[in-house]
Q: 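Here it is, the structure, as structure tokens.
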Amino acid sequence: HRLYGKRILHFMNVSRFKKNVFDHETDSNWKMTLKTLEFLPMCHHYIVVPENNNIVDDRPNVTLLKYPYPQNAVTNRASFDYKSFRRLIDIKRMDIDYVFAMQPELLFNVMTALMDLRYGEIVNRMIFFHWVDCPQSRGSSAIPPSFMRQLEAINQSNTAFFHCKTAPDYLEKNFVNRESSVKLDLDYIKSKVNYCPMQIDDFPESKPIELPNKKILLFNHRWNKSTGWKKMIEYTKDLSDDWMIWCTDSKAPKEYAGRHLSRAEYRYLVENSVCTISFVGGYATWNLSIQDGPMLGTPGLVYDHPTMREVLGDDYPFFFKTKDEFLNLLNVVEKNNNKKFNWDLPNHSENFKNNLIQSMEDCLKTDINCPKDAKSWIYTILNGYHYKKDITNQVQPNLMTNSVWQYIRRWLLANGVQDDPNCQFTKYSIPDDEIEKFKQLTQSVDLVLKPTTTKETIVVDKNHGFF
């Protein structure tokens, strides 16, 4: 694969904590990160995770790096600990070909920290928007706008990923009837845009729970203004006592049964509800929970919204715009409550995977001049030194005095040298069918290899460039 052996640094956008421990099982950013690991098994992944976590991942191509993320979502957009971050990156042993910034506002900070390590000049940058900062998305007018940092990240990125086609348009909302020091070039922004639609994860086997003897309408969304709970109450207030509205958010009023459920218990609840209901009518860049019902055979009544049409498909049969339409659809699903609802969701995961790999491959260059000392690196690899630290100790012991070794790595990988993605540290090798080519290339190399210990003696055949 063209991306084989590439190394990716993931800087996350974490927001879910439970008793000061990262609640990765409910964190949407972590779910997206897992998707990228699934799509890119040929790469090595350095994932910057919160210090307090219970993540278990024994894949050889994954390295977890602990970092003190703030636990407040707003603070996360502005806070960056340079010292802690730099301690995570050992440039003598590691390489980074791509930065995946799930917090676009901090791309500049990450790249500046790498620059301090004499790294990052040709690192490719992918940013992922989990939200777009605009007046409609801010929880309070007291929160400082961060859209300028998001625009900055788009400028500095190779590709900016949004969940849906309508998401970048929200950036324009920051400039409507407002003075600004800059003007928005939405055409330029969209020239860099690609899409990362998210598919709902598979569910474990159902685990039964005790349910009331009621017809359940499942409001499987957060209890806040943006999810439309006020409209939900207005549309359902005239239902008979035979009905019950169940909200899955523990912050919901107690009459809405808000409680924590395991994913297996939640599946049972979805499967035994008449339908799920969604009333998102304003800001929205994606939605995972509206996929739950159709995936598990339960219809979902969904307020008609351009984003929801991208999630479910234009011809989804249960969109509504008015209270009357909602009640009519509710009558339809109630009559068919004993029948399993069949609906094929769009293949979002496959689209995301193809978009991501294509954008990464678009960054690759092949017409690269051979940098200074590149042949010496090859010569050293041919003579049994495979780890970056060992190679640079032979060729460039004062590695940090310049940054040419970034360009050497790019040239090596573009010309047939491989890096083992299942090794935590950069480990080069030359495939058997490439050895003769590189022997010829290194015939003129005049390099005396130093023993790795004082007791070792190295014998080099200068005519062939190997032991």
Side-chain angles (χ1 to χ4, degrees), residues 28 31-32 34-35 38 163-166 195-209 211-221 227-228 232 235-236 239 242-248 261-281 284 286-354:
S28 60
K31 291 178 181 179
M32 178 180 279
L34 290 179
K35 287 290 186 185
E38 175 189 330
H163 291 308
C164 64
K165 294 178 181 178
T166 56
Y195 300 101
C196 53
M198 285 291 290
Q199 196 97 32
I200 195 68
D201 293 329
D202 290 335
F203 284 86
E205 186 176 345
S206 286
K207 181 179 179 181
I209 59 174
L211 295 175
N213 186 25
K214 297 272 190 177
K215 294 179 287 189
I216 296 175
L217 290 178
L218 180 57
F219 187 71
N220 53 340
H221 304 272
T227 58
M232 181 270 291
Y235 278 33
T236 59
L239 296 179
D242 295 336
W243 292 90
M244 175 189 178
I245 298 168
W246 186 309
C247 179
T248 52
L261 298 175
S262 70
R263 193 159 174 79
E265 293 170 333
Y266 171 69
R267 173 176 183 166
Y268 183 82
L269 174 62
V270 174
E271 292 173 331
N272 288 275
S273 298
V274 174
C275 62
T276 65
I277 52 177
S278 173
F279 289 85
V280 178
W286 198 248
N287 196 291
L288 285 172
S289 58
I290 64 169
Q291 301 176 52
D292 294 347
M295 181 179 180
L296 296 173
T298 298
L301 308 190
V302 179
Y303 190 81
D304 199 353
H305 188 288
T307 298
M308 307 311 156
R309 286 184 173 270
E310 288 195 49
V311 176
L312 296 172
D314 251 336
D315 52 346
Y316 182 73
F318 293 119
F319 287 122
F320 64 88
K321 289 185 177 180
T322 66
K323 182 176 180 179
D324 286 342
E325 289 178 357
F326 171 78
L327 294 175
N328 288 336
L329 290 176
L330 186 58
N331 185 50
V332 171
V333 296
E334 182 188 4
K335 288 180 178 178
N336 293 279
N337 193 31
N338 294 323
K339 299 179 182 178
K340 186 173 182 179
F341 174 59
N342 293 311
W343 182 256
D344 292 328
L345 292 164
N347 195 339
H348 297 308
S349 285
E350 190 65 20
N351 291 336
F352 181 8
K353 175 183 178 180
N354 293 338

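Quick note: numbers below take in every heavy atom, side chains included, and nothing from hydrogens, waters or symmetry partners.
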Q: Can you tell me how far the CG atom of Asp201 sits from the CZ atom of Arg263, to the nearest 0.5 Å?
A: 5.5 Å
Q: Quick one, Tyr195 with Asn351, criterion side-chain contact (heavy atoms from CB on, under 4.5 Å). Give me CA distance, side-chain angles, the key distance, then yes/no.
A: CA-CA 8 Å; Tyr195 300 101; Asn351 291 336; over 6 Å; no
Q: So, taking the atom named CG in Leu211 and the one named CG in Asn213, what distance separates them when rounded to the nearest 0.5 Å?
A: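 Those atoms lie 10.0 Å apart.
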Q: Within this structure, what is the NZ-CG distance for the pair Lys215 and Asp242, rounded to the nearest 0.5 Å?
A: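 With rounding to 0.5 Å, NZ (Lys215) is 5.0 Å from CG (Asp242).
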Q: Which value, rounded to the nearest 0.5 Å, describes the distance between Glu334 atom CD and Leu327 atom CG?
A: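 Interatomic distance, Glu334 CD to Leu327 CG, rounded to 0.5 Å: 11.0 Å.
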Q: Go through it in stages, so that I can follow the logic: the residues are Leu239 and Leu217, the test is side-chain contact (heavy atoms from CB on, under 4.5 Å), and I'd like the CA-CA distance, side-chain angles, deciding distance and then a yes or no.
A: CA-CA 11 Å; Leu239 296 179; Leu217 290 178; 3.6 Å; yes
Q: Determine the minimum heavy-atom distance between Ile216 and Trp246, stating which atoms define it.
A: CG2-CB, 3.9 Å
Q: Under the side chain to side chain contact (heavy atoms under 4.5 Å, CB included) rule, collect the residues that match up with Leu34, sequence neighbours excluded.
A: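 Only Trp30, Leu37, Arg59 meet the side chain to side chain contact (heavy atoms under 4.5 Å, CB included) criterion with Leu34.
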Q: Is it true that Arg309 and Asp304 have a side-chain N and a carboxylate O under 4.0 angstrom from each other?
A: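 Yes.
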Q: Assess the pair Tyr303 and Phe279: is the distance between their ring centroids shorter than 6.0 Å?
A: no
Q: Rounded to the nearest 0.5 Å, what's the gap from CZ on Phe219 to CE on Met232? Could you check?
A: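 Rounded to the nearest 0.5 Å, the CZ-CE separation comes to 5.0 Å.
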Q: Is the backbone of Lys339 close enough, under 3.5 Å, to the side chain of Asn336 for a donor and an acceptor to pair up by distance?
A: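 Here the side-chain-to-backbone pair does not exist.
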Q: Closest approach of Ile200 and Leu288, non-hydrogen atoms and distance?
A: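 Residues Ile200 and Leu288, closest heavy atoms: CD1-O, 3.7 Å.
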Q: Parallel, tilted or perpendicular: which one describes the rings of Phe341 and Trp343, with boundaries at 30° and 60°?
A: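 Aromatic pair Phe341/Trp343 classed parallel.
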Q: Counting distance only, does the side-chain N/O of Ser289 pair as donor-acceptor with the main-chain N or O of His221 below 3.5 Å?
A: no
Q: If we ignore hydrogens and angles and just use 3.5 Å, is the side chain of Gln199 paired with the main-chain N or O of Ser349 as donor and acceptor?
A: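 Yes, Gln199 side chain to Ser349 backbone: donor-acceptor pair under 3.5 Å.
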Q: Hey, does the side chain of Tyr316 reach the backbone of Gly300 with a donor-acceptor pair shorter than 3.5 angstrom?
A: yes
Q: Run the side-chain contact (heavy atoms from CB on, under 4.5 Å) check on Lys353 and Lys35 step by step: do they pass?
A: CA-CA 8 Å; Lys353 175 183 178 180; Lys35 287 290 186 185; over 6 Å; no
Q: Give a yes or no on whether Lys214 atom NZ has more than 12 heavy-atom contacts from other residues, nucleotides or ligands under 6.0 Å away.
A: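 Atom NZ in Lys214 is packed in, count exceeds 12.
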Q: Can you name the closest pair of heavy atoms from Phe319 and Leu329 and give their distance?
A: O-CD1, 3.5 Å
Q: Looking at Cys196, is its backbone amide N or carbonyl O close enough to the side chain of His163 to form a donor-acceptor pair, meaning the two atoms are under 3.5 Å apart?
A: yes
Q: Just verifying a value: how many Å separate Leu218 CG and Thr298 OG1, rounded to the nearest 0.5 Å?
A: 8.5 Å
Q: Around atom CG of Asp344, are there more than 12 heavy atoms of other residues, nucleotides or ligands at under 6.0 Å?
A: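 No, CG of Asp344 has 12 or fewer neighbouring heavy atoms, counting only those of other groups under 6.0 Å.
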Q: Can you tell whether the side chains of Glu310 and Lys165 come within less than 4.0 Å, N to carboxylate O?
A: no
Q: Is there a donor-acceptor pair closer than 3.5 Å between any side-chain N or O of Trp286 and the backbone N or O of Met198?
A: yes
Q: If you take all heavy atoms of Pro294 and Leu312, which pair is closest and at what distance?
A: CG-CD2, 4.4 Å
Q: Can you check side-chain contact (heavy atoms from CB on, under 4.5 Å) on Leu301 and Phe320, steps first, answer last?
A: CA-CA 7 Å; Leu301 308 190; Phe320 64 88; 4.0 Å; yes
Q: Check residues 266-278 and write down every donor-acceptor pair under 3.5 Å in which the side-chain atom is one partner and the other belongs to a residue at least two apart or another chain.
A:
residue	atom	partner	partner atom	Å
Tyr266	OH	Asn220	ND2	2.9
Tyr266	OH	Asp292	OD2	2.5
Arg267	NE	Glu271	OE2	2.8
Arg267	NH1	Pro204	O	3.1
Arg267	NH2	Glu271	OE2	3.4
Glu271	OE1	Ser206	OG	2.5
Asn272	ND2	Tyr268	O	2.7
Ser273	OG	Leu269	O	2.7

Q: Would you check if the side chain of Glu325 reaches a backbone N or O of Lys321 as a donor-acceptor pair within less than 3.5 Å?
A: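 Yes; at least one donor-acceptor contact below 3.5 Å.
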Q: What pair of heavy atoms forms the shortest contact from Pro299 to Val333, and how long is it?
A: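 So the minimum-distance heavy-atom pair works out to CG-CG1, 3.7 Å.
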